[in-house]
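Note: hydrogens, waters and symmetry copies are ignored here, and every other heavy atom, side chains too, is used.
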Amino acid sequence: MGRSGRGGWASISADDENGMELREIQEVARTAGRFAVSTPLVATLLAGRWFELDQDVLDRGAVPIVRRDDRLVAPYYADGVAIVDGAGAVVESSGVEAAVFADLVPLALVPGEHPALDGERLAEARAVFAAVAVGCADIVLTRSIAWAQTRQQFGQPIKGFQAVRHMLADAHIAREQAWTAAIAAGHEAFRADVWAAQAFTLARRSIEFGIQVHGGVGYTWEVGLQHHLDQVLELDSLFGGDR
Amino acid sequence: MGRSGRGGWASISADDENGMELREIQEVARTAGRFAVSTPLVATLLAGRWFELDQDVLDRGAVPIVRRDDRLVAPYYADGVAIVDGAGAVVESSGVEAAVFADLVPLALVPGEHPALDGERLAEARAVFAAVAVGCADIVLTRSIAWAQTRQQFGQPIKGFQAVRHMLADAHIAREQAWTAAIAAGHEAFRADVWAAQAFTLARRSIEFGIQVHGGVGYTWEVGLQHHLDQVLELDSLFGGDR
Amino acid sequence: MTMTRFDDPAADRFRADVSAWVAEAIPAEWRDGRQALGPDDVQRIQRSWDEALFEGGFAGLSWPEEYGGRGFGPIEELIYYEESSKANAPDGFGRIGRVLAGPTIIAAGTEQQKKKYLPRILDASEIWCQGFSEPGAGSDLAAVTTRAVKVDGGYRITGQKIWTSFAQYSTRCLMLAKSSTELPRHHNLSFFLLDMEQDGIDVRPIRQINGEQEFNEVFFTDVFVPDEDLIGGEHEGWAVAMTVLSNERGTTEAATRLVEATTEIDLLSSCCSLDKPHDAVRLQDRKELLRWHILRATEEKAAGEDWFTAGSVLKVQWSELIQDATRLGIDTRCPIHRDYWRHSYLASKAMSIYSGTNEIQRNIITDRVLKVAR
Amino acid sequence: MTMTRFDDPAADRFRADVSAWVAEAIPAEWRDGRQALGPDDVQRIQRSWDEALFEGGFAGLSWPEEYGGRGFGPIEELIYYEESSKANAPDGFGRIGRVLAGPTIIAAGTEQQKKKYLPRILDASEIWCQGFSEPGAGSDLAAVTTRAVKVDGGYRITGQKIWTSFAQYSTRCLMLAKSSTELPRHHNLSFFLLDMEQDGIDVRPIRQINGEQEFNEVFFTDVFVPDEDLIGGEHEGWAVAMTVLSNERGTTEAATRLVEATTEIDLLSSCCSLDKPHDAVRLQDRKELLRWHILRATEEKAAGEDWFTAGSVLKVQWSELIQDATRLGIDTRCPIHRDYWRHSYLASKAMSIYSGTNEIQRNIITDRVLKVAR
């Protein structure tokens, strides 16, 4: 697989002969996390980076793979998405579609799953998916602020209550700490597991404050805050380490 | 030592032939905790209860003793206070004086110290001194409420700020939980150590909220909140169990 | 204190009675094969459980004897919850009637209302739901906008209620509605015993963030309530609601939540993936504290204190305890209970919101318990 | 990002430099026999440390080179704090001058003020204190009531300041006072470089709840400041104060507190009485997070963001971390360090209060960072 046929997300990582810097991928990952629709984008960028660093990476099978419906989907930076079966053989290659994140699990990044990641790549994956979790916290905080500005209780917008204002502040504090943990995970591969666990826990905490700000309305499926929380839980179970 | 010569605090426990109920002593202990001046009152009532239950208790040396300055003071319900030396021998017997609690440690109640308490009496002592800690939380909360009603910031009494109001509520919650733990310690001797530890931790937490409500002023020695906090720390180190 | 205490022999005897009865009363198909049951079977068993409770004498445990209750206190309620939970007993549909509607009618109803409704609540021939919360009112319950317009012989009700459990099975609704647009706040609401079996009522399930549909929205359009089903005096609904919510709901709810906390924390303590066992020990200690706090509050309530002096503290306590327990459940990353903890964790997010948000509870504590004027 | 990063080789070299210099510079009597030193000896060593810092080139690390600084950033400040703390170096009296007065003068001073004061701050020939807080103002710094009355050639200052560290050693005070009784809030204050060596100044130590006397109250009675010692424009003191407090104090303070947190948590981790070691591990993890948060904030500040976007988060973070660490210290009930933990615990109670209470920090976050209008 050469450099031909690049396009779409994969081309984001094509500017630099040495692949994207991890921190840049984290920034993109955080942005991606702000949208409840997850795509193979993040895994694709990681795969691109690893391929640039080591052309043999594909042969070793160490590319991110996502699970959609019952199929395993391996996004890679060639012509789209490779569909692989459980044994890792390519079944089909096609264009990329967006899908609800809940059905998209980067299966290959699960320690112990096939194909497994080595320690260095696992650490990078932890750092990058921790950044996705920060994006999840971002969007919930943004929505919570908007909600606090419009929701009326006791004859005034709830943004007027200091308890609500301080919950927004606490959501911000946790979100900022989560981002710091994600950045640190990218710098300290030797303890990326601990950093990622902190990032997921803190992103989760931030989202919890946001749900509380929303009150009962935030607890309904229609409002959709659970998508973001669920994404953090899902990533945590895949990439969180010891806490 | 018979029943003659009763008076003062000791007589509080004299109404009931079987000594005071532990819960009644706890109520008195809580009230005593509200005053920064500690007295041998609480230890005296406990000693009275134990003596009524078992006349041999004195011979076994299992009476509460407090340390004042360099002397050991054993309050007992006879004619006042017995001063005993380190070996437990009575040196002097005199009337009771109030003293600052910090100088008054019920030494005999320390596990492993001389004279040691047996398990049952130690459990009761934990329950009773946990109640003193609740009294410490009571007075700090009372003072914090008073302070919040008079202290002006940003052109209004700080009681108008929801953050301050919720801190008062949190102080109340912790204080109420501490009282529950103290009561439970009196009922469940087999885990009185855990209950007492909870009571001390919760009383401490309640007082911490009160100090925060006071702001910088609460951090000055003159205002005196540290007396109550210190008493809780002291009792915790003597009677707190595993946490 | 002369009331039943938790450590009284009488309480122990009652516990033994409950335990024996529950073991006997649970249908075999539930006890032995719950996983295999379909939704219709489950519903049938829930209904039969309501009847079994009545026949066994366990409905209305804390109702006065003159109204068919057992005259016990919340200690016995707590014991019942603990024992039935230990035995994995089913839950009926009659809960709102037994813990909310019944006590309301006993406290504020006319003799006629008591005679008419209380027996049907006890034997579960009528299932009740509550009509308090509204999407627009949220924490500000006094701001309900469902209208009750006076007409000849009764009222016409129009509006939307939310978080209405059991609405799809209910024949009656304990309805709080705005009966005056002119009277001041807190003096403009009335309380009704509304017939759910009439036209103009539309029940729509709400999907919650954990995917379940435990609650409903209910839309009322020009629904009639006769005068005799007004309870507690016209425009005096707020006072009735406050009494009911603070005195009755608190006790039973805390007991129920204690049982939930016990389930979660026991599972945690035995989890194969719990690598820091002391975290679970601390939760166990807090759970024991909650249990004792309920006992203490019960004693104080019997001694004449308003429930709300303890109710708000309990609410904050159980909600934070269960939320912390489910967080730890997630953190175990237990491969066996992964879905369980995800579900429990998401479900627990509602606990700091419903029954009065924890912020409202803290307001209540400062306003009404500590009495610090704003 | 082109600035020094923590993991740059340049930072490593600087760390090695600091480490070597500190080991050399610490007086032997301090290193080997600190316990035996009397108060006069300690004070003499503190003064000599200020001089040593200057001579070694470690005063004004982050000051621009044109003013005698080294032109480094907060990363180097942090490295200095870490290394000097590891070596148990003494602390001088010149800190307020170096981290508060100097940067204020650099940011807002006239050329004349810079020439006159900056060299004396660096070589510690003048010791500075700050005159911001007042007993009546508390969290509401804009409400200071110390008056600055315009007189011929200058101002007359009368009022009371509190929490004034080093006041007893100071020759200058960075003074915020109310220069107008008519102008609106936030536009009625002026900032002065006040001479402490004149009549009318009364310094009284404050005894804190841990028994220490680190701070003072200072009473000013009709004290004179010449016009040339007004800094930042008449009535524009609030803007100067905000810049100084949010941009400068945050960096250094967080670095200092990180060092304190490290000391406490390392002691905890090695404590013989710590029976739940994972509690200390979690604190270590939070401490590392604080460290990285400082690094990150430093990078972002270099990239042009206002410090306050990170400063409030840092303030809450370090204060809660150290408070939790000292709580755990108490809970160990360590027989060896009992008095140490009691002292640290009580001292930490002030941390959620000073430098802007944690409630004020949360207000700042919602008001200024998240920009949610009230």
Side-chain angles (χ1 to χ4, degrees), chain B residues 21 23-24 26-27 127 130 134 138 141-142 144-150 156-191 193-199 201-202 206 209-210 213 241-243, chain C residues 1 5-8 11 75 139 254 258 277-279 281-300 303 305 307-321 352 356-374:
Chain B
E21 285 282 347
R23 176 65 179 266
E24 295 172 285
Q26 287 185 299
E27 300 280 356
V134 180
D138 285 336
L141 180 52
T142 301
S144 302
I145 291 170
W147 174 256
Q149 286 170 325
T150 51
Q156 56 172 292
I158 61 170
K159 71 170 182 174
F161 295 104
Q162 199 178 25
V164 171
R165 300 181 72 80
H166 282 194
M167 271 192 276
L168 294 173
D170 283 327
H172 172 76
I173 291 169
R175 178 263 303 262
E176 290 299 306
Q177 290 179 310
W179 182 231
T180 297
I183 291 171
H187 280 85
E188 296 189 340
F190 65 96
R191 64 195 310 263
D193 56 340
V194 176
W195 285 122
Q198 280 193 288
T201 301
L202 289 161
S206 181
F209 285 118
V213 166
D242 192 41
R243 59 163 62 74
Chain C
M1 277 160 260
R5 272 187 6 191
F6 211 78
D7 45 358
D8 277 351
I75 296 283
S139 291
L258 172 64
H278 204 79
D279 291 337
V281 172
R282 283 185 180 129
L283 291 172
Q284 290 281 13
D285 289 346
R286 283 170 62 189
K287 189 261 291 177
E288 280 301 305
L289 186 68
L290 170 61
R291 186 163 187 262
W292 276 91
H293 211 96
I294 295 173
L295 300 177
R296 189 196 131 199
T298 302
E299 287 190 4
E300 289 173 359
E305 290 196 40
W307 174 259
F308 75 78
T309 58
S312 294
V313 174
L314 280 171
K315 165 72 213 295
V316 173
Q317 219 173 325
W318 60 251
S319 58
E320 293 184 349
L321 175 60
S352 45
T357 67
N358 287 10
E359 288 68 41
I360 293 286
Q361 301 302 339
R362 288 183 167 91
N363 288 350
I364 291 173
I365 289 169
T366 321
D367 293 350
R368 297 178 63 189
V369 182
L370 301 179
K371 296 186 170 58
V372 182
R374 293 198 197 196

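Looking at B/Gln162, the atoms closer than 4.5 Å to chain C (heavy atoms on both sides) all sit in the side chain, from C-beta outward. For a residue to count as touching a neighbouring chain, one of its non-hydrogen atoms must lie under 4.5 Å from one of that chain's; by this rule B/Leu168 touches chain C with backbone and side chain alike. For chain B, the nearby parts of C/Val372 are the backbone and the side chain; heavy atoms of each come within less than 4.5 Å.
A distance of 9.5 Å separates CZ in C/Arg286 from CD in B/Gln198, rounded to the nearest 0.5 Å. To the nearest 0.5 angstrom, C/Lys371 atom NZ is 10.5 Å from B/Ile145 atom CD1. Summarising the geometry, atom NE2 belonging to B/His166 is positioned 6.5 Å from atom CD belonging to C/Glu359; distances are rounded to the nearest 0.5 Å. Once rounded to the nearest 0.5 Å, the distance linking CG of C/Asp285 with OG1 of B/Thr201 reads 10.5 Å. Between the CD1 atom in B/Ile173 and the CD atom in C/Gln317 there is a gap of 8.5 Å [rounded to 0.5 Å].
Listed here is the closest heavy atom pair of B/Ala169 and C/Thr366: CB-OG1, 3.6 Å.
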Distance-only criterion, 3.5 Å: show the donor-acceptor pairs between side-chain atoms of residues 177-184 of chain B and protein atoms not counting sequence neighbours.
residue	atom	partner	partner atom	Å
B/Thr180	OG1	B/Glu176	O	3.2
B/Thr180	OG1	C/His293	ND1	2.7
B/Thr180	OG1	C/Arg296	NH1	3.0

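Ring planes of C/Trp292 and B/Trp195: perpendicular class, angle over 60° (limits at 30 and 60°).
For chain C, the option among B/Arg191, B/Arg165, B/Glu188 with the highest count of heavy-atom pairs below 4.5 Å is B/Arg165.
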